[in-house]
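Right, one structure below, let's go through it.
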Protein chains: 4
Amino acid sequence: MTTDGRTRRRADTRQRLFEAAVELIAEQGFSATTVDDIALRAGVAKGTVYYNFKSKTDLFEELLRHGIGLLTDDFRAAVKGLPPREAVAALIRSQLEYIRRYRAFAQLLLSEMWRTNREWQQTLVLLREQAIGVIAETVRAGVDSGDLPADLDVRVASSALFGVGLVVAVDWLVFTPERPLEDVEESLLAIVRRVGTTT
Amino acid sequence: MTTDGRTRRRADTRQRLFEAAVELIAEQGFSATTVDDIALRAGVAKGTVYYNFKSKTDLFEELLRHGIGLLTDDFRAAVKGLPPREAVAALIRSQLEYIRRYRAFAQLLLSEMWRTNREWQQTLVLLREQAIGVIAETVRAGVDSGDLPADLDVRVASSALFGVGLVVAVDWLVFTPERPLEDVEESLLAIVRRVGTTT
Amino acid sequence: MTTDGRTRRRADTRQRLFEAAVELIAEQGFSATTVDDIALRAGVAKGTVYYNFKSKTDLFEELLRHGIGLLTDDFRAAVKGLPPREAVAALIRSQLEYIRRYRAFAQLLLSEMWRTNREWQQTLVLLREQAIGVIAETVRAGVDSGDLPADLDVRVASSALFGVGLVVAVDWLVFTPERPLEDVEESLLAIVRRVGTTT
Amino acid sequence: MTTDGRTRRRADTRQRLFEAAVELIAEQGFSATTVDDIALRAGVAKGTVYYNFKSKTDLFEELLRHGIGLLTDDFRAAVKGLPPREAVAALIRSQLEYIRRYRAFAQLLLSEMWRTNREWQQTLVLLREQAIGVIAETVRAGVDSGDLPADLDVRVASSALFGVGLVVAVDWLVFTPERPLEDVEESLLAIVRRVGTTT
DNA sequence: CATGAATGAGGATTCATTCAT
DNA sequence: AATGAATGAATCCTCATTCAT
């Protein structure tokens with residue numbers, strides 16, 4: 001049908017724009033990436049970017065929403081039905097796999113997450129809450145079940161877990177991509193176990 | 001003497017420009033920060049920026065050099081004469097204190113360190129080597145002395161240590177600045193010890 | 001019949017587009033009014049504008065033709081069979097009523113009539129001639145019949161009459177719409193009588 | 001002195017930009033006039049426009065302020081110390097001379113004054129008040145002195161006087177510039193006297 | 001040593017127009 | 001008869017850089 005055809009065409013275009021934008025912004029940052037670059041890499045005319053998004057900033061915010069949405073979904077799927085101890089390991093694995101798959105998006109997050117005073121800061125903080133929320137639920141379950149120490153600050157620990165996972169994974173992919181994922185996973189697990197028992 | 005007066009005045013101006021630039025770039029990123037912004041915050045005329053630096057990029061590179069130079073100096077001072085085990089702890093403490101003091105610079109590093117394709121990438125990688133080099137020397141000494149496991153990948157471990165310290169400290173200062181430094185230090189030490197014994 | 005249905009539908013659409021365009025152009029001017037705006041206010045898709053008119057300029061020119069055509073018709077109907085003196089009064093009344101009814105179109109005329117260098121200037125000057133022509137015929141009849149002074153410059157007087165009627169009426173509708181039409185009519189008549197006797 | 005030199009240079013540039021902008025906007029309207037056009041005609045680089053004005057709209061608003069300021073000054077100078085009857089005549093003469101001298105600005109006013117919904121509408125209405133205010137003072141003095149009928153609506157009469165003067169003068173300059181100013185002045189005076197005695 | 005007016009290349013955004021459905 | 005996704009030229013605006021003072 002006409003409507004479907006049009007809808008699909010438009011959705012395709014948006015997807016292409018997302019992909020082009022993620023890569024470029026990961027490499028160069030938001031401001032250094034031009035709308036021309038994005039359109040060129042997506043293979044559409046510049047005007048098409050504006051037909052599909054209100055502005056460059058809008059495109060970026062939707063991108064953040066989309067990317068963190070996927071990560072949050074992965075997190076939820078990973079912990080589903082697992083006992084606390086295994087759930088934490090599953091989250092780490094899930095995060096690593098996500099970052100390996102969407103490396104550009106992860107780089108971009110790493111660059112923007114601890115900035116302040118950017119237009120999309122509010123959006124980003126909210127999205128961060130969302131992703132860290134899933135980790136926090138898992139950690140809390142661990143605390144409740146006695147698998148993790150009762151005095152653990154759930155918020156702080158979840159935030160740190162997220163951040164450490166992000167740097168370690170990105171550092172891996174950027175500087176020593178030949179290391180196997182399992183190796184990195186092992187290091188991260190060691191960190192978590194340790195943190196769990198001391199803080 | 002006149003020359004001295006001028007030299008001092010100029011050094012002052014440069015310092016003011018450094019400080020203004022660091023803060024702004026930490027908040028908004030390099031591209032989003034304008035030379036006008038920098039001059040305004042430093043309280044000088046725009047032309048003065050160009051009287052003191054060849055270009056905006058040049059200012060930024062000198063900034064990186066200056067900032068990482070200080071950090072490297074701190075690292076060296078911290079480990080001086082210490083046995084391996086204590087030296088690692090001293091590095092962590094030193095990094096935390098540095099970041100608490102030059103928080104904006106740390107945010108800026110966190111944002112730029114894992115980017116690719118930026119003009120100053122080469123400079124930054126070199127500077128990173130410099131700082132991580134000090135950590136690596138210490139870790140290697142630990143391996144040699146048997147305080148750290150013989151199969152530890154020194155390069156990887158040092159890089160991770162640097163990255164984890166950076167992200168944990170910045171996350172701390174941005175999201176839970178009320179936590180005492182000792183608390184954060186404790187968490188980082190736990191991580192390091194654990195990593196040391198497993199990887 | 002199908003054809004009739006289509007024709008009527010099309011005529012409807014054109015009328016809706018005219019109305020939307022007149023209002024918007026009166027408010028903001030031709031250049032500041034976008035085809036998107038027009039389509040939106042008319043409640044049709046953008047493509048529909050181009051299905052019905054060759055271009056934005058074409059729509060505007062047809063609009064001018066249509067609007068001034070109506071005015072000229074009103075003028076002709078108003079003076080039909082009247083003696084010169086009453087005919088001038090009838091023209092004024094007619095112009096006022098027209099402007100009250102098509103206020104947006106009048107504003108638009110006021111804005112465009114004394115411009116130069118616009119694409120449709122030629123069209124507009126022609127249309128202006130047409131409307132002023134009717135006034136001029138009436139004035140000339142008055143001169144011929146001795147009701148108006150023999151040395152009156154018919155062209156100049158008619159042009160001024162038209163212009164003064166336009167500003168006074170629009171000023172009335174924009175700034176003091178509560179004034180009754182008769183009041184405004186009275187002022188205009190006073191002007192005309194006077195001008196008639198002096199120029 | 002340096003500061004003076006700079007200040008003067010800048011003021012010169014602004015003046016050149018004003019002159020270029022007035023002419024172009026009078027011919028084509030605000031939206032149809034590009035900043036490139038303005039810069040080109042003023043003989044400066046495009047960036048200079050933005051160094052001197054916040055935006056194209058800002059330039060236009062300052063232009064309106066400047067132009068109507070001059071007119072208001074002329075009005076005040078014209079009526080200074082004159083008895084009511086002569087003062088009105090002086091105002092008309094003053095307005096005509098102003099329009100002859102700044103014809104482009106007058107055309108521009110005629111085009112924008114009765115629009116609605118433009119960004120600078122508020123500014124323009126205020127400026128209009130300012131100019132009409134001087135006329136109103138004079139008219140009121142005439143009413144008070146008995147030179148003008150007691151039941152005259154001062155606001156309405158002043159507004160109409162201003163509008164009629166504007167349209168008659170512009171019509172004159174656009175369509176019959178060979179007519180001598182005195183001729184036009186005579187017509188306007190006739191109008192005013194008549195209006196004065198009837199409304 | 002410092003200034004700030006001016007520049008122009010470059011980047012974000014708009015919008016009339018086209019065209020496949 | 002109508003639609004709306006896509007286009008790209010035109011436009012507004014920004015900003016690093018220069019230079020005369």
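Below, read A as the first sequence line, B as the second, and so on, with proteins coming before strands; counting in each chain starts at 1.
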Next on the checklist: Reading DNA chain E from 5' onward, which residue's closest nucleotide shows up sooner: C:S31 or A:V35?
Outcome noted: A:V35

Item to check | Among E:dA6, E:dT21, E:dA12, the nucleotide that comes nearest once only the side chain of A:K56 is considered | outcome: E:dA12

Item to check | Position toward the 5' end of DNA chain F (nearest nucleotide), C:G47 or A:A45 | outcome: C:G47

Next on the checklist: Just the rounded figure in Å: distance from C1' of F:dC12 to CD of D:E119.
Outcome noted: 12 Å

Next on the checklist: Nearest to the D:T48 side chain among F:dT3, E:dG8, E:dA6, which nucleotide is it?
Outcome noted: E:dA6

Next on the checklist: With a 4.0 Å cutoff (strictly under), does any side-chain N or O of A:Y50 reach OP1 or OP2 of E:dT14?
Outcome noted: no

Item to check | Between F:dC15 (P) and B:F30 (CZ): distance, integer Å | outcome: 13 Å

Item to check | Side chain of C:K46 (C-beta onward), nearest among F:dA2, E:dT17, E:dG11 | outcome: E:dT17

Checklist entry - F:dA10 phosphate, OP1 or OP2: any side-chain N/O from D:T34 under 4.0 angstrom? => result no

Item to check | Integer-rounded Å distance: E:dT18 C1' and C:F53 CZ | outcome: 18 Å

Next on the checklist: Is there a ring pair (Phe, Tyr, Trp, His ring centres under 6.0 Å) between B:F18 and B:F105? Walk through the geometry before answering.
Outcome noted: CA-CA 10 Å; B:F18 270 166; B:F105 184 74; 9.7 Å; no

Checklist entry - Hey, does the side chain of A:R9 come within less than 4.0 Å of F:dA6's phosphate (OP1/OP2), counting only N and O? => result yes

Checklist entry - D:D36 has an atom CG; how far is it from atom C1' of F:dA9, in whole Å? => result 13 Å

Next on the checklist: So C:V49, base contact, sugar-phosphate only, or nothing? Heavy-atom distance under 4.0 Å.
Outcome noted: nothing

Checklist entry - What is the distance from CG of A:D58 to C1' of E:dA12, rounded to the nearest Å? => result 14 Å

Next on the checklist: Side-chain N or O of C:S55 versus OP1/OP2 of E:dA16: is the shortest distance under 4.0 Å?
Outcome noted: no

Checklist entry - For D:Q28 and F:dT11, what is the distance between atoms CD and P respectively, to the nearest whole Å? => result 10 Å

Item to check | Gap between atoms CD1 and P, on A:I38 and E:dT13 respectively (whole Å) | outcome: 10 Å

Item to check | B:E61 side chain vs B:T123 backbone, donor-acceptor pair below 3.5 Å | outcome: no

Checklist outcome for this item: Of C:K54 and A:T33, the one whose closest nucleotide on DNA chain E sits nearer the 5' end is A:T33

Checklist entry - Closer than 4.0 Å, any side-chain N/O of A:N52 to the OP1 or OP2 of F:dA6? => result yes

Next on the checklist: Could you identify the nucleotide paired to E:dT13, looking across every strand shown and requiring Watson-Crick or G-U wobble geometry with both distances under 3.5 Å?
Outcome noted: F:dA10

Checklist entry - If you measure from the Lys or Arg side-chain nitrogens to the Asp or Glu carboxylate oxygens, is any gap between D:R41 and D:E19 under 4.0 Å? => result no

Item to check | Between F:dT17 (P) and B:F60 (CZ): distance, integer Å | outcome: 14 Å

Checklist entry - Can a side chain N or O of A:R10 be found less than 4.0 Å away from OP1 or OP2 on F:dA5? => result yes

Checklist entry - Hey, does the side chain of A:T13 come within less than 4.0 Å of F:dA5's phosphate (OP1/OP2), counting only N and O? => result no

Next on the checklist: By nearest atom, which of the nucleotides E:dA5, F:dT3, F:dA5 is closest to the A:Y51 side chain?
Outcome noted: F:dA5

Item to check | Pair assignment for F:dA20, Watson-Crick or G-U wobble, requiring both distances under 3.5 Å | outcome: E:dT3

Next on the checklist: If you define the side chain from C-beta out and look only at heavy atoms, does anything of D:L17 sit under 4.5 Å from D:L63?
Outcome noted: no

Checklist entry - So does B:E112 pair up with B:R118, basic N to acidic O under 4.0 Å? => result yes

Checklist entry - Taking the side chain from C:N52 and the backbone from C:T48, do they hold a donor-acceptor pair closer than 3.5 Å? => result yes

